[in-house]
Amino acid sequence: SEDNSTTAAEGLSGTVTVFAAASLKDTFTAIADEFEDRNPNATVQLSFAGSSDLVTQITAGAPADVFASANTANMDKLTDAGLVAGAPVDFATNTLMIAVPAGNPAGITGLVDLADPALDVVVCAPQVPCGSATVTVEEASGTDIPAVSEESSVTDVLGKVTSGQADAGLVYVTDVAAAGDAVEGIEFEESAEAVNVYPISAVEGGNQELAEAFIDLVTGAEGQEILTQAGFAKP
Amino acid sequence: MSGHAPTGVPRWVLAVAGVGALFVIIPLLAIVLRVDWAQFGALITTDSSRAALLLSLQTSAASTLACIVFGVPMAFALARTSFRGQRVLRALVLLPLVLPPVVGGIALLYTFGRQGLLGESLTMLGVDIAFSTTAVVLAQTFVALPFLVLSLEGALRTAGTRYEAVAATLGARPTTVLRRVSLPLVLPGIVSGAVLSFARALGEFGATLTFAGSLQGVTRTLPLEIYLQRETDADAAVALSLVLVAVAVLVVGLAHRVQDGRPQ
Amino acid sequence: MSGHAPTGVPRWVLAVAGVGALFVIIPLLAIVLRVDWAQFGALITTDSSRAALLLSLQTSAASTLACIVFGVPMAFALARTSFRGQRVLRALVLLPLVLPPVVGGIALLYTFGRQGLLGESLTMLGVDIAFSTTAVVLAQTFVALPFLVLSLEGALRTAGTRYEAVAATLGARPTTVLRRVSLPLVLPGIVSGAVLSFARALGEFGATLTFAGSLQGVTRTLPLEIYLQRETDADAAVALSLVLVAVAVLVVGLAHRVQDGRPQ
Amino acid sequence: MTLELAARVPARNFDVRFALAPGETVAVMGPNGAGKSTLLGVLSGLIKPDDGAATLGGHVLFSSREWVPPHARGVALLAQDALLFPHLSVLENVAFGPRCAGASRAVARDSARRWLGEVEALDLADRRPVSLSGGQAQRVAVARALATEPDLLLLDEPLSALDISVAPLLRRTLRRVLKGRSAVIVTHDIVDALLLADRVVVIDNGRIVEDGPTRTVLEEPRSSFAAGLAGLNLVTGQTVADGLTAPDGVHLAALTEPPLPEGEEAAAIFSPRAVAVHRDHPTGSPRNVLPVTITDLEPHGGRTTVRAGHLSAEITTAAAAELDLLPGMEVFFSVKSTEVSLYLR
Amino acid sequence: MTLELAARVPARNFDVRFALAPGETVAVMGPNGAGKSTLLGVLSGLIKPDDGAATLGGHVLFSSREWVPPHARGVALLAQDALLFPHLSVLENVAFGPRCAGASRAVARDSARRWLGEVEALDLADRRPVSLSGGQAQRVAVARALATEPDLLLLDEPLSALDISVAPLLRRTLRRVLKGRSAVIVTHDIVDALLLADRVVVIDNGRIVEDGPTRTVLEEPRSSFAAGLAGLNLVTGQTVADGLTAPDGVHLAALTEPPLPEGEEAAAIFSPRAVAVHRDHPTGSPRNVLPVTITDLEPHGGRTTVRAGHLSAEITTAAAAELDLLPGMEVFFSVKSTEVSLYLR
Ligand SMILES: Nc1ncnc2c1ncn2[C@@H]1O[C@H](COP(=O)(O)OP(=O)(O)OP(=O)(O)O)[C@@H](O)[C@H]1O
Ligand SMILES: Nc1ncnc2c1ncn2[C@@H]1O[C@H](COP(=O)(O)OP(=O)(O)OP(=O)(O)O)[C@@H](O)[C@H]1O
Ligand code: MOO
Ligand SMILES: [Mg+2]
Ligand SMILES: [Mg+2]
C-alpha cells in the first residue's frame, strides 16, 4: 500500500484486516493469498481465534475490517453491538463428524456406538457452537453420549483424539480433513440436524471497500472452491 | 539495620515505582468495576460455579501436597548437595515456570497420555489417568512445583548449614537432622512456598485444558469455568474472575505474612 | 560453609527428589521424542513461524526493558521503605504471578481497551493500544513484572543496607547511592530477574490472546502461533514448542549462572 | 567544630546528652548493648531519634523541626567492618567521597592518593577490596572516611575485627590522623582510650554514667564498668565518719582531705595490688579486713589475680601456691586505708 | 581416649599431625586464618581432608578407605556462637544429643537437667534461646555439648563473643567441666590457655609451629606468635660462642648451662621488664645494648610499654616522661645477659 507508483488498474491497495474463526485458518490463509495475488498492492492481515474471543476483541476496539464467525450467534452479538456494516452473508456450512484415532482402535461405526460408557468420548461444551450442535444431534438421534470431557473449543476435542487420549470425539468435517492421517472421520446421518452456518460481514468503521472485495472473493466461485476442498459445504 | 533504608530512596524512584504499581493495580480495579454487584451472589453460586470452585480448591490442595512431598526433597538436593550437571538440572526443573502452560499440557499428554511415553505401561497396570481428576492434579503440580522448589531453595541457602553441622556433631544422623533441625528451621519457607504453589495451581488453565479436559465436577476447574462462561455470560465470567483474584490475593498476602515472621 | 551440606542429605530424600525431577524432565523428553526431526528445519522456518519467533523476541525484549524500568524502582520501594499497606501492595503487585493469564488479559482489556477505564482518555489522545504490538508488550510486562520485583526484592534484602549507609556518610545523596552503590551491588539480582522476566514474557499466551489478539507479525507471538498450529499441524506445533523450550532452558540456565556468580 | 547533642531513642532505651569541643577526640566505652553504636548512628543520621537536637559547628544536624540527611552532615563513619565497596578499586573507594562532594574525577583521585599515602596504603591503590587483608582494608576505610574531610569522624570499634598482630599498626595510623580532629571512637579496649582519646565517656543502659579526661576516668572511675576496665576495685555506698559503708554492710576506712560530708553517695577505689590475702583473720596495721570467698584464680606471668566476686587481689603466684588458694575457699582481703581513695559520686 | 590425627586440606593450606593423650586438654592458638577452625572441622567431620587418617580411642574417624560421618564420631563441637536451635526450648536443646543417642524422652530430659545444673543454668530450662543473653546461651551450649557425653570435646573460641563481664563466669564453668576430659580449645586469649589447657599447640599458616606444655610454650616460646602472646621479646638466629647472632646482625649474649653447640638455629627470649631504655649509649654492666627506633608508646596504669619493631621494653610511665620518649626517636635498649634465655629450635 506504500507503493503508490503502481496504477489503480492493478487492483485495490491498502490493508484489510480479517478476524476469522480459528477453524477457518487454512482456508482463509489460502483465500488471502489469492486476494493478494489479485491485488498486488493490497495486504490481508489475518487474526484467528475463537469466534466469541473475536467478538469481544472487536467490541473492545480491535481494528477489524471483516469478521467471519463460526456461528450465527456470535455474528448476532456483533450486530447487537451495532458494529456490523451492512448485512451478514452466510458463506459456508459445516457439519459434525465423529473423529477417531488412526486405525479406529475402538471400532466405532456410528453415533450410537458413542453411548458406550466404556469408551472415552470427548465433545464440545454446550456453551460453544460445536457443543450446541452436539446437543442437537444427541436429541435428534435419541443418543445420550456420556462424554468424559466437554471442551471449550473444537481444537481441544481434536487434540484429545489426535493424541489418542480419547477413543472418539465429535468435531467438524473440516477438522477431520485438516488433521490429515492422525485421525479418521466417520459420518453419521443425524449430523444433518445440526448444520452450522458461517456468516461473514464487514465491520463498522473499517475499510468498507476492501472488506466488500474480500467478502466477494469468499462468497465467489474461487473462495467457495477453496472452502469445499477443505470439507465445508455451501450454505 | 536491614529492612528500610537509613539513607532513604530517591523520590523519583518512588514515583516510578508508583507508576509501576498502578500498572498492575488499575487492571484489577477495572475488573472490580465491571462486576455486576446486584447479580454477583447469584452469578457465583450457580451449580457449575460452585462445582468448579470446589474442584479447584480440592485439586489445588492435592497438588500443593504433591509439591511439598516432591519439592522439599528437590530443594534440599539443589541447596545442600553439589554434583555435576546441577545447574542444568535446576534450569530444567524450573522450566515449567516460564513454559507456556499449553506446551506443558502437550508435554504431559505425550508422557502420561494413553499413547504417551509412560501411558502404555500405566494402562497395563490398570491406571487410567486420562480425563480424571488425577490428571488435573498432575497438570497443576507440573506448573506449581518450581514455585516451591525455587522459594525453598532460597530459604535453605539463606538459613545456611551451621545449625545442621552442630546437630550432626551432637550425634544426629542425617534423617534426624532433617526432621528435627532443617525442616523446623525452614518451615516458614516451606509454608510460603506451599502457599505460592497453591495459588499457582489455583490459577492453572492451559495445561489443565490441554491435558485433563473439562468436565463439570471432574476436571473443570475455576479458570476453565471462567473461560467457558465467557462464551455465553461475560458477567458471570467477570464475577468468577474476581473470586479467583480474591482467593489469590488472600493467598499471596498470607505467604508474605508468614515469610515476614521468619525467625531472624 | 554454606553451599553443600557438611552433614549430608539422607539418601531417601535424594531418591524422592529424583522422582520429582523425573516428573518434570520426562515430559520435556516426551516432547523431544515426538519431534519429526526430518521435517524440523522446514517446520520452524515457515514464514509464519519466523515472523512469530521474531515478534516474540522483539516484544519480550521490550517488555523486559519495561520490567526493568518499573520493576527496579518497585523492588527498591518494597525492600527499602516501610509504609502502611506495604504488605497489601506487595500482594497486589505479585498477583499476576498467580492469576490465570486469561483473566489478566480481560483485566487489561477492561483498562486499556477502547471502552476500558483508561481507553477512552487514550482514544481521545489518539493513542490506540489494544491489538497493537504495544498491547503485546503490555500483556507480557503485566505477567513478567512480578518475577523481576520478587527476585530483586529478595536480592536487596539479602544485600542489606550497610554499604548504602556507609555511602551516605561519605556524602552521597540518595540518587548517588542508588547509582554508584545499590545498583552495582545488586546487578546480578537485576540480571537474573530480567532474564526470568524475559523467559516469562516469551512464554506468555493467555493474556496476549485476550488483550492483543493474534495478527501475524503484529501480535501473534510464538506461543500463539503454536496454539494456532495445533489446529492444523500438530507436528509444527511440537517443533515450535521445542524451540520455545530451548530458548527458555537457555535463559533460565543463564539466570542461574549469573546468580551463582553474585559477589559473596 | 563544636558538637552538641541531646537525643532520645526510646525503642533502644537511649537518652544521651553529649558535647564535644573542637578538635577533641572522645572515647565511648560501655558494655554490649549499652547504646554506643546507637550514639554514632544518631550523630551520622542513620538513626532518627524520637526527640532531641544536635548542632555541629553551629549547623543543625537535627532538631524537632529539621532533619539533615546523612550525606549532608559532614560526618563520616568508620565501622568495625571496613565495608569497602566490593565493585570499586581501592583508589575508587577512597575517591568516592570527594566525587560525591563534587570534585572532578582527576581531583578526586589525587586526593584519594594523598589520603592513601597518609595511611601508608598507596601501594594498594589498584587492588580490589576482596584481595585485601582485614588490616589493609581497615586502613583503606580510614583513608576513605578522611578523604571526605569530615567535620566529625565517628569510629565504631575500628580495631576489634583485627588480628592482634595487625591492630598496633592501624592504632598508630589512627593516632596520627586523629590528632586535632573532632572524633568519637567507640572501643572496648582501654589501650585505645588511653592512646587515642582526650576524654572518655562511659555509656551504660543508654545513659552516660561517666564523662571526663581519660586518665581521670581510669584512675578515679565512678562506674563499676570503668573500674573493671582499669582493673581497680570499686565499692560504692554512703560516706560515714571515717570512710564508707556499702549497702551490704561492708565498711571501708579511707582518708580524705578535707573530710567528706557524711551520708553522701560515694565510691571507694583501691588497686588489687594493694590487697593482701590471708587464710586467717590478720592482725596488725591494715584497718580494712574483708572476709570473702574466692571465686577465681587467674595466674598471669609471675602474678596471680585472686577474684572474690567484684573484688580482686593481685599477689605473687608463689604466694598463692604457698597459701594453697583454691576457688571456693573462704579467705580475708586486707587493704591499708591509705590505699583507698574515696570520691563523691 | 587417645586421639591421633594426620590430615591435609590443600584448599586451605592445611597440613597437620596432632595427638592428644586421654583426658588431656590442649589449647590451639595462632593468627587469623591459620587453620585452627579447620583443625576442629577435620576432627568433627565437618570438613573432609584430602588425605590423612585419624583415630579416637582406637576407633577410626577417617582414613584413606573409611569415613565416619560427624554424628557417629563421639565428637562434640562448641563454636563461638552458641547456635542453640531457636525452635527448641533450652531443655530440649540440651536433651537433643541424648535423644539422638537413643535415650527416651524422659531419660534425655533428666540428663539435660543434670547438665544444665552442672553449668549453673537449670533455671533457664524452660526459656527460648532468643531470650537468653550471650553468656547464658553459651553456658547452655556447653551443657548441650557435654550432654552427648563426647569422647572428645572441641571448643572454637567459646569465649570470644562474650562481654568482658560475662566471660569469667563461663571460663570458670569450662575449667570445671574440662578437668580430665579430652578436649581441644581454640583461643586467642592467653588466660584461657593458662587456665584451661594442659598443653598449647600453635598453628601458623596451616602448620603446627609449636607444641608443648602451656607454661613451657609461654615461658620459652619458639614462634614469634607465642612470644607475642606471652609478651616476651624473641630474637631468632644462630648460636655463637657467647650467645646468638640474628640474621640482621644483632648479637645477644646469653648464658646457657651447658653451653649450646655453635652454628645451630636458636631462639633468645627476654622479658620487656628486663629491658632498660637509654637516650645515649649506656656504659656499665649490661652487655647487650641494641640501638632501636621507637615505633609506639603504650601507657597502661603506672607503666609504659615502649615498642621498637618486634622488641619492647616496659618501664615506668614516670621514667618515660623523664626521658621525654616519642615515637620515631632513636634510643638504646639494654638487657643484662643473665636475663636472656637461649633455646635450640
Ligand atoms: N536495629 C535495631 N533495632 C532495634 N533495637 C536495636 C537495634 N540494634 C540495636 N538495638 C538495641 O539498642 C540498644 C543499644 O544497642 P547498640 O548497638 O547501640 O549497643 P552497643 O553499645 O553498640 O553494643 P555493642 O558493644 O554490642 O556494639 C540495645 O538494647 C540493642 O538491643
Ligand atoms: N569455607 C572455606 N572454603 C575455603 N577456604 C576456607 C574456608 N574457610 C576458611 N578457609 C581458608 O582456610 C584457611 C584456614 O581458615 P580457618 O578458618 O581454619 O582459620 P582460623 O585459624 O580458624 O582463623 P580465625 O582465627 O580467623 O578463626 C584460611 O586461609 C581461610 O581463608
Ligand atoms: O497462559 Mo495460559 O495457557 O492462559 O494459562
Ligand atoms: Mg556497637
Ligand atoms: Mg576460626
Among E:Leu78, E:Leu84, E:Leu83, E:Thr148, who wins on heavy-atom pairs under 4.5 Å with chain B? E:Leu83

Is it the case that E:Glu4 and E:Thr55 place a side-chain donor and acceptor less than 3.5 Å from each other? no

Contact winner vs chain B - E:Leu77, E:Leu88, E:Val130, heavy-atom pairs under 4.5 Å: E:Leu77

Set of residues satisfying ring-ring contact (aromatic ring centres under 6.0 Å, His included) with respect to E:Phe96, sequence neighbours excluded: E:Phe85

Take atom CZ in E:Arg176; do more than 12 heavy atoms of anything else shown fall under 6.0 Å from it? yes

With a 4.5 angstrom heavy-atom cut-off, is it the side chain or the backbone of E:Arg99 that approaches chain B, or both, or neither? side chain

Against chain B, label E:Ala72 side chain, backbone, both or neither, depending on which of its atoms sit under 4.5 Å from a heavy atom there. neither

Donor-acceptor contacts, no H, no angles, side chain residues 108-117 of chain E, under 3.5 Å, sequence neighbours left out:
none

Shorter than 4.5 Å, heavy atoms on both sides: which option in E:Pro150, E:Cys100, E:Ala145 has the most such pairs with chain B? E:Cys100

Taking the six-membered ring of E:Phe18, is the NZ or CZ of E:Arg199 close enough (under 6.0 Å from the centre) and on axis enough (within 45°)? yes

At a 4.5 Å cut-off on heavy atoms, which part of E:Leu154 comes close to chain B: side chain, backbone, both, or neither? neither

